[in-house]
Amino acid sequence: MVVPIIQGKLKGKKWIVGSSNHGCWLGSYENDKQILFASMVSEGAVVYDIGAHVGFYTLLASKLVGPRGKVLSFEPLPRNAHYLQEHLRLNSIENVTFIQSAISDKSGTAFFEEERSGYMGSLSSKGCIEVKTDCLDELIARGDFPAPECMKIDVEGAELSVLKGAESILADNRPTIFLATHGQIGRAHV
């Protein structure tokens, strides 16, 4: 069922109930983090949403950067990618580029282990889903995308791999990083 988000910066945007936590369509999902994120993103900015899940922060970034800005949204899990793309379509979002891949320290493929909920997962040698991986420095070096001014990273424990794959971006562009950490920082999954 598609409903309008009822409060917050995304009030009125369309959301698929059941795609994620009910807090998303209520508009109260991670409210303190939403406020902090909104204070870090300016109109016209380039934002990377790494580990975008079903697109709540992608939609929020899209609204915050406005039509002059750009959002690159990365999510490897097929279920999440489907909902994310539907949220973009339902809301006629034009300033987002979606890339179905896991961001890592190297480009290629890796296995992904989905958690029981079906909402999350991580790169893991025990995974049964093979996913594409991308290294941010390689994407930028090829000229595929503009460098970010802000990076939201929520990758279930693979934060260090993402940051290692973005060493040049971090050194050259010094983007603001909005980082969710999980378990031991930098624990290897692959």
Side-chain angles (χ1 to χ4, degrees), residues 19-20 37 45-62 65 69-89 93 95-190:
S19 62
S20 185
F37 184 74
V46 176
V47 176
Y48 285 13
D49 186 357
I50 302 165
H53 192 239
V54 297
F56 188 85
Y57 280 95
T58 296
L59 291 180
L60 182 56
S62 169
V65 302
K70 181 84 175 147
V71 178
L72 275 73
S73 182
F74 300 91
E75 172 59 42
L77 192 58
R79 176 203 179 277
N80 293 345
H82 166 75
Y83 282 120
L84 190 153
Q85 290 174 299
E86 279 301 297
H87 287 133
L88 295 174
R89 186 188 65 75
I93 303 294
N95 62 349
V96 172
T97 299
F98 169 68
I99 299 99
Q100 188 169 344
S101 74
I103 299 302
S104 186
D105 56 350
K106 58 185 175 261
S107 296
T109 60
F111 287 99
F112 193 88
E113 184 175 5
E114 189 175 4
E115 291 187 7
R116 288 182 194 202
S117 68
Y119 293 125
M120 297 183 292
S122 58
L123 294 177
S124 170
S125 59
K126 296 183 250 172
C128 59
I129 301 171
E130 189 171 11
V131 298
K132 176 184 167 209
T133 61
D134 280 308
C135 169
L136 292 178
D137 281 344
E138 291 175 18
L139 291 177
I140 298 298
R142 286 194 309 250
D144 293 349
F145 304 108
E149 294 162 60
C150 179
M151 296 168 56
K152 177 240 151 206
I153 304 170
D154 189 351
V155 291
E156 307 303 318
E159 297 84 10
L160 188 58
S161 291
V162 170
L163 295 171
K164 281 184 175 182
E167 286 179 348
S168 293
I169 291 171
L170 298 175
D172 297 343
N173 302 95
R174 299 192 171 278
T176 301
I177 298 175
F178 189 75
L179 180 70
T181 59
H182 301 273
Q184 296 175 342
I185 295 178
R187 81 177 174 233
H189 286 283
V190 181

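Separation of atoms CZ (F74) and CG (L84) is listed at 12.0 Å; rounding is to 0.5 Å. Atom CG of L163 sits about 10.5 Å away from atom CD1 of I169, to the nearest 0.5 Å. Annotation: the span from S101 atom OG to I50 atom CD1 amounts to 9.5 Å, rounded to 0.5 Å. Between atom CD1 of residue I153 and atom CD of residue E159 there is a gap of 8.0 Å, rounded to the nearest 0.5 Å. Expressed to the nearest 0.5 Å, how far CD of Q85 lies from CG of N80 amounts to 11.0 Å. Separation of atoms CG (D105) and CD (E138) is listed at 9.5 Å; rounding is to 0.5 Å.
Residues passing the side chain to side chain contact (heavy atoms under 4.5 Å, CB included) test with S168, sequence neighbours excluded: D137, D172. Under the salt bridge (Lys or Arg N to Asp or Glu O under 4.0 Å) criterion, R142 pairs with D144, sequence neighbours left out.
Using a 4.5 Å heavy-atom cutoff, the side chains of P78 and Q100 are in contact. Residues V54 and R79 are in side-chain contact: their nearest non-hydrogen atoms beyond the backbone lie under 4.5 Å apart. Within the 4.5 Å cutoff, side-chain heavy atoms of E156 are placed close to those of D154. Two residues are said to be in side-chain contact when any heavy atoms from C-beta on lie closer than 4.5 Å; L72 and P148 fail this criterion. Under the 4.5 Å side-chain criterion, counting only non-hydrogen atoms from C-beta, K70 is not in contact with V65. Contact of the L170 side chain with the I177 side chain is registered, since non-hydrogen atoms from C-beta on lie closer than 4.5 Å. Between I140 and N173, the closest side-chain pair of non-hydrogen atoms is not below 4.5 Å. Residues V71 and I93 are not in side-chain contact: their nearest non-hydrogen atoms beyond the backbone lie 4.5 Å or more apart.
Nearest heavy atom pair, residue M151 against residue A166, reads CE-CB, 4.4 Å. For the pair K152 and G51, the tightest heavy-atom approach, listed with the atom from each and the gap, is NZ-O, 2.9 Å. Contact record, C135 with G165: SG-O, 3.2 Å, taken as the closest heavy-atom pair. Across V131 and F112, no two heavy atoms sit closer than the pair CG1-CB, 3.8 Å. Annotation for N95 and G69: closest pair CB-O, 3.5 Å, computed over non-hydrogen atoms.
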* Run the side-chain contact (heavy atoms from CB on, under 4.5 Å) check on L88 and T58 step by step: do they pass? -> CA-CA 9 Å; L88 295 174; T58 296; 4.0 Å; yes
* To do: Carefully, step by step, assess I99 and F145 under the rule side-chain contact (heavy atoms from CB on, under 4.5 Å).
  => CA-CA 11 Å; I99 299 99; F145 304 108; 3.9 Å; yes
* Asked: So L139 and Y48, side-chain contact (heavy atoms from CB on, under 4.5 Å) or not? Walk me through it.
  -> CA-CA 12 Å; L139 291 177; Y48 285 13; 6.0 Å; no
